[in-house]
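Take a look at the structure below.
Because the structure is predicted, anything quoted here is derived from the model rather than measured. In the text below, chain A, chain B and the rest are named by the order of the sequence lines, each starting its count at 1. Worth knowing before you read on, the calculation uses all heavy atoms, side chains too, and leaves out hydrogens, waters and symmetry mates.
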Number of protein chains: 4
Amino acid sequence: MKAGERRERVIAHARTDILDAAIRAFARTGLHGTTVQDIAREAGYTAASLYTYFKSKQEIVDAMSNLLTEEYVQVFDQAVPAGLTFHQRFELVLHRHLELVEKRKNVFVTLFGEDSGGGLCGPDGHGKTFHTNFERRIAVLAEWFHRNARPEDIGGNDPKIIARLLFGMAFGLLHEMRDNLQQGSFVNYAPILTEFFFHGVSSKLKPGVRKK
Amino acid sequence: MKAGERRERVIAHARTDILDAAIRAFARTGLHGTTVQDIAREAGYTAASLYTYFKSKQEIVDAMSNLLTEEYVQVFDQAVPAGLTFHQRFELVLHRHLELVEKRKNVFVTLFGEDSGGGLCGPDGHGKTFHTNFERRIAVLAEWFHRNARPEDIGGNDPKIIARLLFGMAFGLLHEMRDNLQQGSFVNYAPILTEFFFHGVSSKLKPGVRKK
Amino acid sequence: MKAGERRERVIAHARTDILDAAIRAFARTGLHGTTVQDIAREAGYTAASLYTYFKSKQEIVDAMSNLLTEEYVQVFDQAVPAGLTFHQRFELVLHRHLELVEKRKNVFVTLFGEDSGGGLCGPDGHGKTFHTNFERRIAVLAEWFHRNARPEDIGGNDPKIIARLLFGMAFGLLHEMRDNLQQGSFVNYAPILTEFFFHGVSSKLKPGVRKK
Amino acid sequence: MKAGERRERVIAHARTDILDAAIRAFARTGLHGTTVQDIAREAGYTAASLYTYFKSKQEIVDAMSNLLTEEYVQVFDQAVPAGLTFHQRFELVLHRHLELVEKRKNVFVTLFGEDSGGGLCGPDGHGKTFHTNFERRIAVLAEWFHRNARPEDIGGNDPKIIARLLFGMAFGLLHEMRDNLQQGSFVNYAPILTEFFFHGVSSKLKPGVRKK
DNA sequence: AATGAATGAGTATTCATTCAT
DNA sequence: TATGAATGAATACTCATTCAT
């Protein structure tokens, strides 16, 4: 039925709107600092209305978390031209990722800079949301290395370790953004990250960098 | 006055005890998940008593945060034998750091896996505690690079960037610990980090690593 | 108007359906435990639709309450053969009542085991529904005694008191049903109630009872 | 230590005060109609303070319920002069009970006129508090009959049934109080109940009653 | 007539913090 | 100094009810 379809789309749309609002709200005041009312206000609803679309605040958090992870994962599904070297593919994918991070940097910083349940998470597993996300992203990245890099491409290292190192580097750079979100495009870090990834600090100095 | 001194020492001791308890408590249940009561119980006080030594929960958090940062900073103050190459000094300091991380693993993971006030921190500056800590460590590390590395030692890159990358890598590795804190010594990552830091994935494969 | 009549009948039918559903729902989860949605679901409507037929939840409750009372009252309107002794009439009517209780056992237990507004009822008179019902039944019963029993038939007592005692006894027996609704027919209590009503514990022991 | 004892007594006293307040509040507005704030106000506390003494509203309800049952049970523990006939003992105990009911009639009516969870109680057993109480009282009463009445004293009937009938009768009389709590002493019903219990409506008319 | 969606009002519970003893 | 007790403020969630479609 058309009606049924349309309704579903309307609901999906509302959920998306709410999630977007939640992302903005969380990015601004953090997971704990943001009340359901805050999200509702940001989304143009009343708090009670959110419960039409989500069962609980936690479900909103989870949905948002999944949404962001999903975006991340999808970068790996995008087509990559054939015949590229590992180095080229690396640059391409890295670039795409940095663009995504650029888009989401506000939340990104929040998401990985806060946790809803506390460090090691209570014994109930509550609050592991973002830790899980963090790890899932690393896992996906590791998988990509596994499929795209020959052992010698990554120095014979375990792809998981490599993924962890790369992701960590990006996180370290991203963390700077906390103070000055407005300025500077995150994509600009692509060359540095690439160079460092492949050669560490022993990279042959390139003109542009050397002058710095 | 003798009495005055003694009292001060007693107070300082109590503060230390409380901070230690707080560290354990926070490591277990996170910043939000830990109540003042929890800290008090862990310290052998009642909640009300903590207010004799600290003005607020936030002050406890801050003091703990500073304590941890101070530990970190002191690693750089330890004597380093003269005549070492940059590479050697790097390894030495890295090793010391990893040992420290090892010791504080639990809190460390918590501290940087959660935030007390939320992502970008409310306009009141509340919750910036750990972000500040994160950044301060990076700053200290950058400073160390600045003083200990010639430009060519770090590929002509900005020490701040290098510091951020290195710190990020360590963070990436550390994050794994969340799931399995008990097993594996964090110090074992020293060779990998060193190798990656200097040569990225292009390191000449060493026998031990190659076999992996 | 034919149309008008039909519409009225449709409306009346819907109201009946809803009340039946409400009875089932209330019997299952009680007055407070049952939401308007629950009733609607049970009736095959949406919650909003119920407001086409009833002004409020309270009105549903009241209507249901009245319905049940009405059923009860009608037992007294049923024909009773002429020439029966008081004892015989008593047994007949009691039997009919127990059958009714049997049928409504579930709700009955619920109705008198819970109240919608609280004990003595707020000053707004809210929640008196079932109290009123309780009392109305007793009143009807008292009235029946008044019309059917000579003073000496009921020991010269006030019919109202007698009605209250009898109704209370039945209630006491009924309350047991809360735990085991499925088993045992309530009608089986008729002889015991009758015997006790007429002779208290001083009844001449009948064989069947004595053996128990 | 004296201090420890005194504190315990203070706490016990506070709990008692709160329970008394709760009883008054519940008697006035019912279980659902009474908020934690209401109880607190009645007890001279703030709502938050109640949680120093009780874990939850439900715990208050349970404690009150137990308190009332306990009072009831204790009536049976009071000494009864030796050498009394069953009839005499019955009258004595009945009288004591009616006095107790008199004292608690407000709540009593509420307690058994409302239920916190709904009729048959959710599958979680929640809300059975008062049903359980009802049944426990009957059980205690039945036990008393079992120990104090020879089979022929109660017409060879099952003590449980007899207890249920008696308790029901009292309940029926009590229910009248809902409307006019102020007037009339419940104890006045003792003769009627006794007479009815022993002889049903067939009691030999006594002067006082006959005139009514 | 039926309903999806929206909401106002209400509630139990938590927790950092204060203060008299 | 230590603390038991008290509390204000905050928050997620529920539900009867309304209304545009």
Q: Would you classify B:Ser49 as touching base, sugar-phosphate or nothing, given that sugar-phosphate means primed atoms plus P, OP1 and OP2, and contacts are heavy atoms under 4.0 Å?
A: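 Counting heavy atoms under 4.0 Å across all strands, the contact made by B:Ser49 includes a base.
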Q: Would you classify B:Phe54 as touching base, sugar-phosphate or nothing, given that sugar-phosphate means primed atoms plus P, OP1 and OP2, and contacts are heavy atoms under 4.0 Å?
A: nothing
Q: Under the side-chain contact (heavy atoms from CB on, under 4.5 Å) rule, what do D:Ile39 and D:Tyr45 come out as? Steps first, then yes or no, please.
A: CA-CA 8 Å; D:Ile39 302 174; D:Tyr45 286 94; over 6 Å; no
From [atom1] of [X] over to [atom2] of [N], roughly how many Å is that when rounded to an integer?
X: B:Leu50; N: F:dG4; atom1: CG; atom2: C1'; result: 14 Å
X: D:Gln58; N: E:dA12; atom1: CD; atom2: P; result: 12 Å
X: C:Tyr51; N: E:dA1; atom1: OH; atom2: P; result: 17 Å
X: D:Arg41; N: E:dT11; atom1: CZ; atom2: P; result: 10 Å
X: C:His32; N: F:dA16; atom1: NE2; atom2: C1'; result: 13 Å
X: A:Asp38; N: F:dA10; atom1: CG; atom2: P; result: 12 Å
X: B:Tyr45; N: F:dT3; atom1: OH; atom2: C1'; result: 13 Å
X: A:Tyr53; N: F:dT14; atom1: OH; atom2: P; result: 17 Å

Q. What pattern of brackets, bars and dots sums up DNA chain F from 5' to 3', given Watson-Crick or G-U wobble pairs under 3.5 Å, [ ] for crossing pairs and | for another strand?
A. .||||||||||||||||||||
**Q.** Crowding at CD, B:Glu59 (>12 non-hydrogen neighbours, <6.0 Å)
**A.**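 Result for CD/B:Glu59: enclosed.
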**Q.** Over 12 non-hydrogen atoms of neighbours within 6.0 angstrom of CD in A:Glu8
**A.**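 Counting other residues, nucleotides and ligands, CD of A:Glu8 stays at 12 neighbours or fewer.
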(Q) By nearest heavy atom, map A:Arg7 and A:Gly44 onto DNA chain E; which one lands nearer the 5' end? (A)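 Looking at DNA chain E, the more 5' nearest nucleotide goes with A:Arg7.
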Q) Distance-only, no hydrogens or angles: does the A:Arg15 side chain make a donor-acceptor pair with backbone N or O of A:Tyr53 under 3.5 Å? A)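 Judged by distance alone, yes, a pair lies under 3.5 Å.
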Q. In terms of the nearest nucleotide of DNA chain F, which residue is placed more toward the 5' end: A:Gln37 or D:Thr52?
A. D:Thr52
Q) Where each residue is assigned the nucleotide of DNA chain F containing its nearest heavy atom, which of C:Ala47 and A:Thr35 is assigned the position nearer the 5′ end? A) A:Thr35
Q) Among F:dT17, E:dT14, E:dT17, which is the nearest nucleotide to the side chain of C:Val36? A)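 Among F:dT17, E:dT14, E:dT17, the one nearest the side chain of C:Val36 is F:dT17.
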Q. Is there a donor-acceptor contact under 3.5 Å linking the side chains of D:Thr35 and D:Asp38?
A.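 There is such a pair between these side chains.
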(Q) So, OP1 or OP2 of F:dT3: does either fall under 4.0 Å of a side-chain N or O from B:Thr46? (A)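 Result: yes.
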Q: Provide the closest heavy-atom pair for D:Ala63 versus D:Phe54 in the form atom of the first, atom of the second, distance.
A: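 Nearest pair, atom of D:Ala63 first, then D:Phe54: CB-CE2, 3.9 Å.
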Q) Do C:Leu68 and C:Met64 have side-chain heavy atoms sitting under 4.5 Å apart? A)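 Contact flag for C:Leu68/C:Met64 side chains = yes.
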